[in-house]
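To start, the structure itself, in structure tokens.
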Amino acid sequence: MSKVRNPHQITTVKCAGPGCMNVRRESNHWFLTTVDRDKFICRPYVPAQGLRRPDQPVCGQACAQKLFERFLASGLIVTRDCAPSSQ
């Protein structure tokens, strides 16, 4: 059975980009960014899918880039030894 949505409910989505105060409108093309352990994930925002706790909505590429730069500077990335093994 599908969940019935309230047609009168309004969800306001604000940009999580540093220093950005944009609010999402109907025609805007937004992204969702998520930091999952040592991964930075950026994908299109689909309002019908809703938001999860780790999701950070951003208003465009510039704000997504700012969050990515912040992620790189945070040191959360786990480096792996990529050197070929000597056999």
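Since the structure is predicted, the reported quantities are computational estimates derived from the model, not experimental observations.
- In terms of heavy-atom proximity, Phe71 sits nearest to Asp38 at CZ-O, 3.6 Å.
- To the nearest 0.5 Å, the span separating CD on Gln49 from CG on Asp55 amounts to 9.5 Å.
- Residues Arg24 and Asn22 fail the side-chain proximity criterion, which asks for heavy atoms closer than 4.5 Å.
- In this structure, Thr33 contributes its side chain and Ala64 its backbone to no donor-acceptor pair below 3.5 Å.
- Smallest separation of non-hydrogen atoms from Gly17 and Val58: N-CG1, 4.1 Å.
- Cluster membership for Ile41 and Val35, using ILVMFWY side-chain heavy atoms within less than 4.5 angstrom, is not shared.
- For the residue pair Gln61 / Gln65, no side-chain donor-acceptor distance below 3.5 Å is found, with atom types taken as modelled.
- Judged purely by atom type and a 3.5 angstrom limit, Arg25 uses its side chain to pair as donor or acceptor with the backbone of Val23.
- Checked against a 6.0 Å centroid threshold, the rings of Tyr45 and Phe31 do not count as neighbours.
- Rounding to the nearest 0.5 angstrom, the gap separating the CD atom in Gln56 from the OG1 atom in Thr34 is 7.5 Å.
- Heavy atoms from other residues, nucleotides or ligands lying under 6.0 Å from CZ of Arg70 number 12 at most.
- A distance of 7.0 Å separates CG in Leu67 from SG in Cys15, rounded to the nearest 0.5 Å.
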